[in-house]
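Data block below; observations after.
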Amino acid sequence: MSMSESYYLKQQDTEGRVEARAKVTGKGKYAAEYTVDNLCHGVLVGSTIPSGRIIAIDTEQARQVTGVIDCLSHQNRPLIPGFSSAEKIKESGFGLPIFHTDKIHFKGQPIALVIAETLEEALYAAALVKAEYEEAEFDIDFDKKRQEIALQESGKERGTLEAWKQAKHVVEQSYSIKAEVHHPMEMHATIAAWTAEGHLELHDKNQGVNNVQQVLAGLYQIPKEQIHVVSEYVGGGFGSGLRVWPHVLAATMAAKQVNRPVKIVLTRPQMFVSTGYRPASWQRIRIGADEQGRLLGIHHQAMNGTSTYENFNEGITRVTRLIYDFPNLKAESATVPLHMNTPTWMRGPGDCTGDFAVESAIDELCYTMQKDPVQIRLDNIASVNHPDNKLPWSTHFLKECVTQGAKMIGWEKRSSQPRSRTDGDWHVGYGMAVGMWNASRGKASAAIRMTGDGHMVVQTAMTDIGTGTGTGMLNIAHDVTGIPKHQIHIELGNSNLPPAPSQGGSTGMSSVSGAVVAVSNALKLQLAQYAAKSNPGFNGVSADEVMLSADSITLPDKANVRIAYTDLWANNLLGQIHVEATSEPGEERKKYAFCSSAAHFCQVRVHQKTGKVKIDRMVCVADGGTVINQRAAANQMSGAAVGGIGMALMEEQFVEHKLGGLIADDLAGYHFPVNADAPIVEVAFIGKPDPNINPSGAKGLGEVGIIGTAAAISNAIYNATGKRLRDLPMTPDKVLLATPS
Amino acid sequence: MRPFEYVKPKDSKEALRAKTPTGAYIAGGTNLVDLLKKNIAVPHQVLDVTQALSDKITLKRSGIEMGAMVRNTTAAINPTILEQFPLVSKAILAGASPQIRNMASIGGNLLQRTRCPYFYDTSLPCNKRAPGSGCGAYNGENRMSAVIGYSADCVAVHPSDLCVALAALDATVVVQDAQGKKRSILFKDFHRLPESAPQQDNTLPEGALIREVYIPKNAFHKHSAYVKIRDRDSYAFALVSVAAALQLDGNRIVAARLASGGVAHKPWRWLAAEQFLAGKETNATVFAEAAALAVQDVRPLAHNAFKVDMLKGAIETALQEALQA
């Protein structure tokens, strides 16, 4: 057993989040909550048409409102250097060139910003801004528009379609999913302020302060060091904070225009058209197996919606190449431009969409073959090599997840005959599905500042969007150094701190854990060097041999070698010790393939007369490598599973097809699950470290909790009712009207 | 939100006197605040009636009287209501969320506006919000819209759960007009059908206040149920809902009440089904026949044909649950 393994297997921390007290007492500030001197408020005005051109914007009435300072639009905005020509706008990759165009691409597109002394004044004045448009034709019906679009090859074809034409068992079906919106609890918000020296200070909600810095530096053509981004507390992201959106830029433009700090907080309806969404999608799958149930081939076609000004391909067929070793595989995809804002990554992006279709199709195939879905998974999962690049998996425990999940739910209680169990007016059924995600890792840095009282601060620029990153860092810093947890303080989400990648794609912990291990070891070695001056026992020791206690540096293998920090600091005239370290992926990426995975099981009840679906039990077993903090990790999984319930049963961004915009765009109209919709999710982990991915062995858990959930629920509904639902969300009306097959 | 004058009258007399033609009464504010924020209601004056109106629940010889300012939660957990009018509690608890119910008043519940999405977006046509602009939902996205009693001018549904129970129990609404005169309006006459004037939700006279809601004593307290089918299990408006109440003599139905939400511009009573049930034995076949009778007059729109089957299922389920209650 390696050092790191013995280290982390004992980890079963039960304390709460490092940021919990600050969050629940209100001491921790979200972007919009900072107090800034001389602050004024901006409110965005959205286009009321879906497509066309602005002829004129009339701000006269708005400007009459008490407290209004200015109104910004394409007619009077300060020019952003990165938007100074059509070519530059394209090159910037920013997407919507806010206030630098008169073209309307979607309803709700920001066309003006009212700036006033108070939020109330700005809100009122914003309602008085009038615009005159030249309207143009629009496309907003995804299902209609996609029929005009041709599919294109998506990745290399494996084998041929011909090779399995005569497969004994074949399923061919179409699947569709309505667009979903992230809706983190905290609304996106930015406070922008320019200093006299031309430096930009931002308090902003995002998932990566360095990304915000980089993007704005590019647009303003200033060194990124002149931009300071603070995102210390973030109230959820789910992918919505991985890009810099137009409202962030609007705040910086407004602050420049009025030469005062400006705050913009998006309203909930604005959140529907401002920070991306999971696009609507259509998929067609043809899948075949031989007599023994060995998967022979898959043909996966997929399309997703995008905007007319950017192309966003969700990557729906990626997961098809990951889980099973199909000897023959053909994948095609296309995007469908619509008059909507650009979609973006949303939890489990692409994979959770594709996985719904693949795992539903395999379930259908199982019924056709009269085989057990659990057994078919165990027989076909590619557990040795990555099916595409043939690299050996560094670690792969999906089959173990399946076996353990089946045991936990009591899979043997499932009837292989659909629609065969009832409880009063309810049909009862079981379903399962698996999910997988490429486990990536980015380059990250961390610093430690330590004082002679044995207290230290661990710092990184990475944001903690609610995933428990700070808590994980605390656990690692404590484990590696030995310093008691109450003497360790965590600082995050500030671009002045050592750089780190954005928190997304399940890479946060995987990236930052390496940096924290490295910097913790660097601290130990630095202290040992000072200690060696007065005690030769510390000469030439390795980081593993040194431990730090509450008040001293020690060598655990030599009981009497110990120096108190007070002496160490006094002897060496130390103030604050500062160490910084960087950790990044290397050669291991060429030798191995890395994945996180999960198996989802559920037991559902479906009401015969009303179509109501109740999820009685949900089991989720995951392999994310080392579990650094049990509670935070379990919280990731159950949160994602509840997101999967939303995807399966209720989440839908409603489109007004005739008039060309969204409707029901508030939280009364857009339903995501509440506690009443979800059982207590039963979560378990394989918990085995991945020895190659990074020093902590943690692979990341953000996505796999949702990849497969929707299929597991749909498969359970089929088992309960004999109704195969291939369109998400499976609202009661669809469930009720579907015919048993 | 347009700036407005805020006044807080001490009593109903002062409230009625202080109100200007462009004023709006506010109680719990759980709907009006939304309407203010979205520039759908643009009053120049907001009159806070939380002190002006009664928050008492009084059991009288012939029925129960709820002051207009009784909070929804207070009514739902009131021991007398739970014992003698449990349908009222069941309906309230099926609506909104605990936080909203804690704020929302009984009077305000009756006066809440539709949740039709066209009504809530000032860039869309809606005759209820902007008379003459057309009904966006009639030929548009109408999954949540009415299936009975609508007109081409409006297909909105009334969003209340409480009102479905009040309709079933033949409540009356005590109102006081601008001149201070009090009178009772039968619940069935309180809410309107849209016809060609959907901007008028109800028959409350201009400037008048709801003072009390009164429910006559009944023999339905032993067997009542409220079934609400919705896209999620809390804080969602009904796809369809059914209030069912039975008065039984052994296995025989003496009298039945059936009402629905999510189907019409007002809480809808299924009178033919009620009459059919009276005198019948309680069994699944009878319930299914009653449900079939109810839905035979339903005329769904392009996107809500499902409401026919769902309503039928919900009526059967509600009757079954009432029987077992």
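So that the names make sense, note that chain A is the first sequence line, chain B the second, and so on, each numbered from 1.
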* Asked: Between B:Asp233 and A:Lys614, does a side-chain contact (heavy atoms from CB on, under 4.5 Å) hold up when you go through it step by step?
  -> CA-CA 9 Å; B:Asp233 272 356; A:Lys614 285 300 291 177; 2.5 Å; yes
* To do: Report the C-alpha distance between B:Tyr235 and A:His671 in whole Å, list the side-chain angles of each, state the deciding distance to 0.1 Å, and finish with yes or no for side-chain contact (heavy atoms from CB on, under 4.5 Å).
  => CA-CA 9 Å; B:Tyr235 189 50; A:His671 300 119; over 6 Å; no
* Given B:Met310 and A:Leu737, is the side-chain contact (heavy atoms from CB on, under 4.5 Å) satisfied, shown in steps? -> CA-CA 9 Å; B:Met310 190 176 282; A:Leu737 295 189; over 6 Å; no
* Run the numbers on B:Met1 and A:Leu123 for side-chain contact (heavy atoms from CB on, under 4.5 Å), then give the verdict. => CA-CA 6 Å; B:Met1 191 186 297; A:Leu123 273 168; 5.7 Å; no
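Panel note: side chain A:Lys609, backbone B:Ala314; no donor-acceptor pair is recorded below 3.5 Å. Although no hydrogens or angles enter the test, the distance criterion places no donor-acceptor pair under 3.5 Å between the side chain of B:Arg232 and the main chain of A:Asp677.
Ranked by heavy-atom pairs under 4.5 Å with chain B, the first of A:Thr66, A:Ile663, A:Thr610 is A:Thr610. By number of non-hydrogen pairs under 4.5 angstrom with chain B, the leading residue of A:Asp666, A:Val65, A:Thr48, A:Leu736 is A:Leu736. No other option in A:Glu120, A:Glu656, A:Glu121, A:Lys658 has as many heavy-atom pairs under 4.5 Å with chain B as A:Glu656. Most heavy-atom pairs under 4.5 Å with chain B, from the set A:Asn675, A:Asp665, A:Leu667, A:Leu649: that is A:Leu667. Contact tally against chain B (heavy-atom pairs below 4.5 Å) for A:Pro729, A:Gly611, A:Ala668: the top residue is A:Ala668. Among B:Asn39, B:Val240, B:Asp309, the residue making the largest number of heavy-atom pairs under 4.5 Å with chain A is B:Asp309. Highest contact tally toward chain A, considering only B:Asp121, B:Asp231, B:Thr122, is held by B:Asp231 [criterion: heavy-atom pairs under 4.5 Å].
The number of heavy atoms from other shown groups lying within 6.0 Å of CD1 (A:Ile55) is above 12. Residue A:Lys130 qualifies as enclosed at atom NZ: its count of foreign heavy atoms under 6.0 Å is above 12. In the displayed structure, B:Lys37 atom NZ is contacted under 6.0 Å by at most 12 heavy atoms of other residues, nucleotides or ligands.
With a 4.5 Å cut-off on side-chain heavy atoms, A:Tyr124 and B:Pro3 count as touching.
Between B:Lys307 and A:Asp733 no salt bridge is recorded (no basic side-chain N to carboxylate O distance below 4.0 Å).
Interface remark: A:Leu119 contributes no atoms to any contact with chain B (heavy atom separation under 4.5 Å). For a residue to count as touching a neighbouring chain, one of its non-hydrogen atoms must lie under 4.5 Å from one of that chain's; by this rule A:Phe654 touches chain B with the side chain only. If you measure heavy-atom distances from B:Arg143 to chain A, the contacts under 4.5 Å come from the side chain alone.
Across all their heavy atoms, A:Ala664 and B:Pro117 have their closest contact at N-CB, 3.6 Å.
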